[in-house]
Amino acid sequence: MIDIKKIEKNEVIPGWEKGYKEVYRSCLANRGEDVALVDRALEYNQKRKEIVQFVEATKSEQNKMSQEIVKLKKAGEDASGILKEMQKLSAQGKEKGKELEGVESELNNLMQTLPNICHFETPMGASEAQNVEKKVFGEKPSFDFKIKDHVDLGENLGILDFETAGKVTGARFSYLKGKGALLERALTQFMLNMHTIDHAYEEISTPFIVNATSMYGTGQLPKFKDDAFQVSDTDFFLIPTAEVPVTNYYAKEILAEEDLPKYFVAGTPCFRSEAGSYGKDTRGLFRQHQFIKVELMKFAHPDNSYEEHEKLTQNAEKVLEALGLHYRRMELCTGDMGYGAAKCFDLEVWLPGQDQFREISSCSNFEDFQARRANIRFRPKGGKPQFVHTINGSGLAVGRTLIAVLENYQNKDGSIEVPEVLRPYMAGLKSITL
RNA sequence: GGAGAGGUGGCUGAGCGGUUGAAAGCACCAGUCUUGAAAACUGGCGAGGGUGUGAGCCCUCCGAGAGUUCGAAUCUCUCCCUCUCCGCCA
């Protein structure tokens, strides 16, 4: 959530060198949202303030009279006149209070759907075509034979089974078997070990089901309800990413300043309805309703959250590099960025089976957008509590990494060479063969 | 699932219809003392909102929501959570 007071005050933002309101309007436009929403929010807020002032003045009057009553009663005098007046005031206040509730909830509903303001470095653009390539690692692998994609490779090796998953569950689910299941487990372990041991993240094992409040906290609700699986007749949701249970770990808390930054890593299944992507990426493991992801998450001090964001992105890149996978880092433009992010890098891995780069990690700095929603703060020395900055990114999506390994490490005979770094996690196995 | 106990400020914990935003302690901050630190002493110390250039003033908040009342942390109802015991189960 953004801060309505910041729009009102319209202070100049460092980096942008323009007023908050103007910057936010242009961000809205560049994200493809209705700019008029800003004015509507300001309008609601103005109305809200007016009613608040009335309600509070009434309440103040009541409080004073209440003291009078105490005095009269103690003195043993008659208070019936003042009591009648109180009744009137009380009724009046309650009525206005109802009105206030209505306006507040309208304002809040609107604010909940407004995207974050963009960081000044984020490129302006309408779609992914305006994303900016920041870095390329490695090269396209060359093959002197006709390559297969991961579906053919996996099914031929008997480690991947979509048909049975279709029977047992439905479309967009899969079974991994034997060495395939082992490979998935090895990848997860490898990533978790790297981040805990080399990058100093604390591993955290989370609930895979969260309540609606938590989903609001990180911004999945109310706007993207259809993207998540809800447990019927409850306000529980299957987590679409570990970002939700990890970020909400400190919801409604005030951290000590010296505790920042906090680093967490969680390897969890993720569940997504993929409601908006019918017919898209229907082949293989690429877009499933369920997949494992190792998620990196930081609670950072506002003063250095962009350094932490950069470091986190590098931590994710390290996984791809250790696996010897060709990838590039893209800086997302305003139009392609998630609505809570102020700045976002996508890591895209080369998939020979698709002959293109595909997203395997998304590393975002939300600044105080999620922290304001979830109410996560820290106390600066001797100062008022302030919102922390939250940063997260995949390090990496395990399902897609598995695709990348299968396709990039395939041999002519359809076997898969196991990348060196994974072998310790697979009992020394050098290749997956029939 | 059954029976009981409970949820109060950063933490511990009193209060159980009317000057209670809330005793006390810890933690924290400032000062005195000290070469410095500790200890001791003194003072300060919750959050959100409204208003004002400002000091300030006002409103709200004692798990959440609804109710009773002129007035609720205190009474009633619903829900959530925690703990203890029983049952069931991985």
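Below, read A as the first sequence line, B as the second, and so on, with proteins coming before strands; counting in each chain starts at 1.
The shortest distance between the side-chain N/O atoms of A:Q53 and the OP1/OP2 oxygens of B:G50 is not below 4.0 Å. OP1 and OP2 of B:U69 both lie 4.0 Å or more from every side-chain N or O belonging to A:S90.
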Residues 253-261 of chain A, side-chain donor-acceptor partners within the protein, below 3.5 Å, at least two apart:
| from | atom 1 | to | atom 2 | distance (Å) |
| --- | --- | --- | --- | --- |
| A:E257 | OE1 | A:K381 | N | 3.1 |
| A:E257 | OE2 | A:H301 | NE2 | 3.0 |

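Here A:K5 lies in heavy-atom contact (under 4.0 Å) with sugar-phosphate atoms only.
One interatomic measurement links the two molecules: CZ of A:R373 to P of B:G48, which rounds to 19 Å at whole-angstrom precision. A straight line from CD1 of A:I4 to P of B:G50 spans 11 Å, rounded to a whole angstrom. Separating the CD atom of A:Q62 from the C1' atom of B:G71 is a distance of 9 Å, rounded to the nearest angstrom. We find that CG of A:D3 is positioned 11 Å from P of B:G48, with the value rounded to whole Å. Nucleotide B:A27 holds its C1' atom 17 Å from the CD atom of A:E257, rounded to whole Å. As a whole-Å value, the separation of A:Q46 CD from B:G49 P is 16 Å. Per the geometry, CG belonging to A:N108 stands 14 Å off C1' belonging to B:G48, to the nearest Å. If you measure from atom CE of A:M111 to atom P of B:G48, you get 17 Å, rounded to the nearest angstrom.
Taking every heavy atom of both residues into account, A:M194 and A:N315 meet most closely at SD-O, 4.5 Å. The two atoms that bring A:T113 and A:R373 nearest to each other are N-NH2, 4.4 Å, heavy atoms only.
Sequence neighbours left out, the pairs with a member in residues 202-227 of chain A that pass ring pair (Phe, Tyr, Trp, His ring centres under 6.0 Å) are A:F224-A:Y339. Screening residues 172-188 of chain A for side chain to side chain donor-acceptor pair (under 3.5 Å), with sequence neighbours left out, gives A:S174-A:Q288. Residue pairs meeting the ring pair (Phe, Tyr, Trp, His ring centres under 6.0 Å) criterion with at least one member in residues 79-119 of chain A, sequence neighbours excluded, are A:H119-A:Y306. Residue pairs meeting the ring pair (Phe, Tyr, Trp, His ring centres under 6.0 Å) criterion with at least one member in residues 47-68 of chain A, sequence neighbours excluded, do not occur.
One C1' atom belongs to B:A23, the other to B:U8, and the distance between them is 12 Å to the nearest Å. Rounded to whole Å, the P atom of B:U84 lies 35 Å from the corresponding atom of B:G48. B:A72 and B:C61 have their P atoms separated by 8 Å, with the value rounded to a whole Å. Separation of the P atoms belonging to B:G9 and B:A5 is 22 Å when rounded to the nearest angstrom. Taking atom P on both nucleotides, B:U12 is separated from B:G63 by 14 Å, rounded to a whole Å. Taking atom C1' on both B:U82 and B:G21, the two are 25 Å apart, rounded to the nearest angstrom. B:C26 and B:G43 have their P atoms separated by 14 Å, given to the nearest Å. Distance check on atom P: B:A47 versus B:C29 gives 16 Å, rounded to whole Å.
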Are any protein N/O atoms closer than 3.5 Å to N/O atoms in nucleotides 44-47 of chain B? If there are, list each pair with its distance.
| from | atom 1 | to | atom 2 | distance (Å) |
| --- | --- | --- | --- | --- |
| B:A47 | OP1 | A:R379 | NH1 | 3.4 |
| B:A47 | OP2 | A:K384 | NZ | 3.4 |
| B:A47 | O3' | A:R377 | NH1 | 3.0 |

Under 3.5 Å between N/O atoms: give me all the protein pairs with nucleotides 15-22 of chain B, atom names plus distance.
| from | atom 1 | to | atom 2 | distance (Å) |
| --- | --- | --- | --- | --- |
| B:G18 | N2 | A:S66 | OG | 3.2 |

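Side chains of A:K225 and A:F237 form a contact here, defined as non-hydrogen atoms less than 4.5 Å apart.
A:E8 is linked by a salt bridge (charged side-chain N to carboxylate O under 4.0 Å, His left out) to A:K49, counting only residues two or more places apart in sequence or in another chain. Residues satisfying the side-chain contact (heavy atoms from CB on, under 4.5 Å) test with A:P207, not counting sequence neighbours, are A:P245. Not counting sequence neighbours, the partners of A:K311 by the salt bridge (charged side-chain N to carboxylate O under 4.0 Å, His left out) test are A:E308.
Judged by distance alone, the side chains of A:E367 and A:H389 never bring a donor and an acceptor atom under 3.5 Å apart. Side-chain contact check for A:S273 and A:D227: no donor-acceptor pair (N or O, by modelled atom type) lies under 3.5 Å.
Aromatic rings from A:H195 and A:Y263 are positioned such that their centres are separated by 6.0 Å or more.
Of the possible donor and acceptor atoms, one in the side chain of A:Q410 sits under 3.5 Å from a partner among the backbone N and O of A:E407.
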Counting primed atoms plus P, OP1 and OP2 as sugar-phosphate and everything else as base, spell out the protein contacts along nucleotides 57-66 of chain B at 4.0 Å heavy-atom distance: B, S or - for each nucleotide, 5' to 3'.
-BBS------
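Helical stems in RNA chain B, defined as runs of 3 or more consecutive Watson-Crick or G-U wobble pairs with donor-acceptor distances under 3.5 Å: B:1-7 with B:80-86, B:10-12 with B:24-26, B:28-32 with B:40-44, B:46-51 with B:56-61, B:63-67 with B:75-79.
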